Amino acid sequence: VQLQASGGGLVQAGGSLRLSCAASGRTISSFAMGWFRQAPGKEREFVAAISGSGGSTYYADSVKGRFTISRDNAKNTVYLQTNSLKPEDTAVFYCAASWRVLSTSLNRYDYWGQGTLVTVSS
């Protein structure tokens with residue numbers, strides 16, 4: 001599975017971005033999908049995850065109520081709608097795919113995209 005993240009950019013605090021993760025190589029309907037982020041000088045951290053069917057989702061406490069993960073299996077694409085962005089959300093956002101059950105752990109994900117940069121100015 002190859003994953004291509006896009007949709008990042010520069011936005012003012014309070015703004016929104018919609019990140020996309022397009023998959024190729026095989027259908028992702030059987031994969032749990034996750035978004036992670038890595039800020040400068042920090043470790044990569046979990047943001048959100050969604051089950052293969054889309055029926056279950058997990059969110060990091062820091063983004064609950066502001067970010068929404070969704071998927072369109074017909075388009076082989078996963079989305080992360082980010083609203084009410086804060087400067088502390090500035091990071092490279094990565095999408096990832098897992099054969100295993102839905103998880104917040106980086107180690108559970110088998111395939112990773114290249115990342116898309118989100119910069120939030122104050």
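This is a predicted model, so every value here is computed, not measured. Quick note: numbers below take in every heavy atom, side chains included, and nothing from hydrogens, waters or symmetry partners.
- One distance of note links OG of S56 with CD1 of I50; it measures 8.5 Å at 0.5 Å rounding.
- Side chain of T116 to main chain of A5: no donor-acceptor pair is present (N/O by atom type, distance under 3.5 Å, no hydrogens or angles).
- The aromatic rings of F31 and Y111 lie perpendicular to each other, with more than 60° between the two planes, well past the 30° mark.
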Worksheet item: Going through the checks in order, is the side chain to side chain contact (heavy atoms under 4.5 Å, CB included) test met by R37 and K42?
Response: CA-CA 9 Å; R37 66 185 179 186; K42 295 187 176 181; over 6 Å; no
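- For the salt bridge (Lys or Arg N to Asp or Glu O under 4.0 Å) test, no residue two or more places apart in sequence or in another chain qualifies with E88.
- Contact check for L17 versus L85: side-chain heavy atoms found under the 4.5 Å cut-off.
- Checking side-chain atoms of R44 against main-chain N and O of Q38 turns up no donor-acceptor pair under 3.5 Å.
- Partners of R71 by salt bridge (Lys or Arg N to Asp or Glu O under 4.0 Å), not counting sequence neighbours: none found.
- Under the 4.5 Å side-chain heavy-atom criterion for Ile, Leu, Val, Met, Phe, Trp and Tyr, W99 and M33 are members of the same hydrophobic cluster.
- In the hydrophobic cluster analysis, where Ile, Leu, Val, Met, Phe, Trp and Tyr join through side-chain heavy atoms closer than 4.5 angstrom, V92 is grouped together with L106.
- Residues S51 and L102 come closest through the heavy atom pair N-CD1, 3.6 Å.
- Judged as a disulfide (SG to SG under 2.5 Å), not a single pair has a partner in residues 50-88 (not counting sequence neighbours).
- Between F36 and W112, the two ring planes are tilted [angle within 30° to 60°].
- Annotation: disulfide (SG to SG under 2.5 Å) contacts involving residues 7-99, sequence neighbours excluded, comprise C21-C95.
- Heavy-atom minimum distance, S24 versus N76: N-ND2, 4.3 Å.
- Listed here is the closest heavy atom pair of G113 and Y94: O-CD2, 3.6 Å.
- Checked against I69 for a side chain to side chain contact (heavy atoms under 4.5 Å, CB included), the options Y58, Y79, W35 give a single hit: W35.
- The two atoms that bring V63 and V47 nearest to each other are CG2-O, 3.6 Å, heavy atoms only.
- Counting only residues at least two apart or in different chains, salt bridge (Lys or Arg N to Asp or Glu O under 4.0 Å) contacts with residues 102-117 comprise R100-D110.
- When atom types are taken as modelled, the side chain of D89 and the backbone of V118 share no donor-acceptor pair closer than 3.5 angstrom.
- Every pair passing side-chain hydrogen bond (donor to acceptor under 3.5 Å, both in side chains) that includes a residue from residues 4-22 is listed here, sequence neighbours excluded: S16-N83.
- Not a single donor-acceptor pair under 3.5 Å links the side chain of T82 to the backbone N or O of F67.
- Heavy-atom minimum distance, A23 versus I28: CB-CG2, 3.3 Å.
- Taking all atoms of both residues into account, the shortest heavy-atom contact from S105 to Y109 is O-CD1, 3.1 Å.
- With hydrogens and angles disregarded, a donor-acceptor distance shorter than 3.5 Å links the side chain of T77 to the backbone of K75.
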